[in-house]
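Here's the structure, in C-alpha cells; my notes come after.
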Amino acid sequence: MTGQRRVIARVLSDADDHPDVEELYRRASALDSRISVATVYRTVRLLEEKGILERRDFGGGRARYEATEHGRHHYHLIDVDNGKVIEFEDPEHEELMRRVAERLGFDFVSMRLELFGKKRPQSQPAGKAAQTAKRKGAAS
C-alpha cells in the first residue's frame, strides 16, 4: 500500500460520520497535499473490492462509506432534514431477524437496516406527533 493510500485508509478508520468521497478527499489532502481526488476514488474502490470498506446510500445522491465491521451488526437512522447518520444497535431486532431466517430455512449471515426520519420537536410527545402527521396527511 502506498503512502497516499495509507493516509486515505487512516482518514477512513478515524471517521465516525460516513463521509463521501469529496469529504474523504478534503480530509486526506489536508494531511498530504499530493493526494488527488482520483487517488481517493481508486483507493475507495480498491478497499470496497477487498471487503475493507462498505458503500452506503443514505439518499442525497452521494455514496458514503464506512469501515466493514465483520460480525457486528449495527443500523443507521438518517435525519432527512440534515443528512446526519446515527448508528445504533438493537439485539432484539437482530434476534428476530435470525429467527425469521431460520423459520424460512436459512442460516443468518448479515443484514442491513436503514431508517429515515425527521427529528420530532422536543416539546411534542410521540403520540401527539403521530396525530399531527395524520391530520396533515388527511388535509393534503
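Position 1 is the first residue of the sequence, and the numbers go up from there. Here the structure is a predicted model, which is why all the values come from computation and not from measurement.
- Between Glu94 and Arg98 a salt bridge is recorded (basic side-chain N to carboxylate O distance below 4.0 Å).
- Residues that satisfy the side chain to side chain contact (heavy atoms under 4.5 Å, CB included) test with Glu22, not counting sequence neighbours, are Asp20, Val37, Tyr41, Arg62.
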Between Glu102 and Asp107, does a side chain to side chain contact (heavy atoms under 4.5 Å, CB included) hold up when you go through it step by step? CA-CA 6 Å; Glu102 186 175 312; Asp107 291 326; over 6 Å; no
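- Note that NE2 of His18 is 11.0 Å distant from CD1 of Ile86, once rounded to the nearest 0.5 Å.
- Taking CG of Leu31 as the start and CZ of Arg10 as the end, the distance is 5.0 Å to the nearest 0.5 Å.
- Heavy-atom minimum distance, Ile35 versus Tyr25: O-CE1, 3.2 Å.
- Gln4 places none of its side-chain heavy atoms less than 4.5 Å from the side chain of Thr43.
- Applying the side-chain hydrogen bond (donor to acceptor under 3.5 Å, both in side chains) criterion to Asp81, with sequence neighbours excluded, gives Lys118.
- Contact annotation: the side chain of Glu23 approaches that of Arg26 to within less than 4.5 Å [non-hydrogen atoms, C-beta and beyond].
- The side chain to side chain contact (heavy atoms under 4.5 Å, CB included) test applied to Ala30 returns no partner, not counting sequence neighbours.
- Here the straight-line distance linking atom CZ of Arg5 with atom CG of Leu47 works out to 8.0 Å at 0.5 Å rounding.
- Using a 4.5 Å heavy-atom threshold, the side chains of Leu77 and Val85 count as separate.
- Checked against side chain to side chain contact (heavy atoms under 4.5 Å, CB included), Val100 has the following partners two or more places apart in sequence or in another chain: Leu96, Met97, Arg103, Leu104.
- With sequence neighbours excluded, the residues that form a side chain to side chain contact (heavy atoms under 4.5 Å, CB included) with Asn82 are Asp79, Lys84.
- Among pairs with a residue in residues 28-45, those fulfilling salt bridge (charged side-chain N to carboxylate O under 4.0 Å, His left out) read Asp32-Arg34, at least two apart in sequence or across chains.
- Taking both residues in full, the closest heavy atoms of Val44 and Leu24 are given as CG2-CD1, 3.8 Å, listed atom of the first, atom of the second, then distance.
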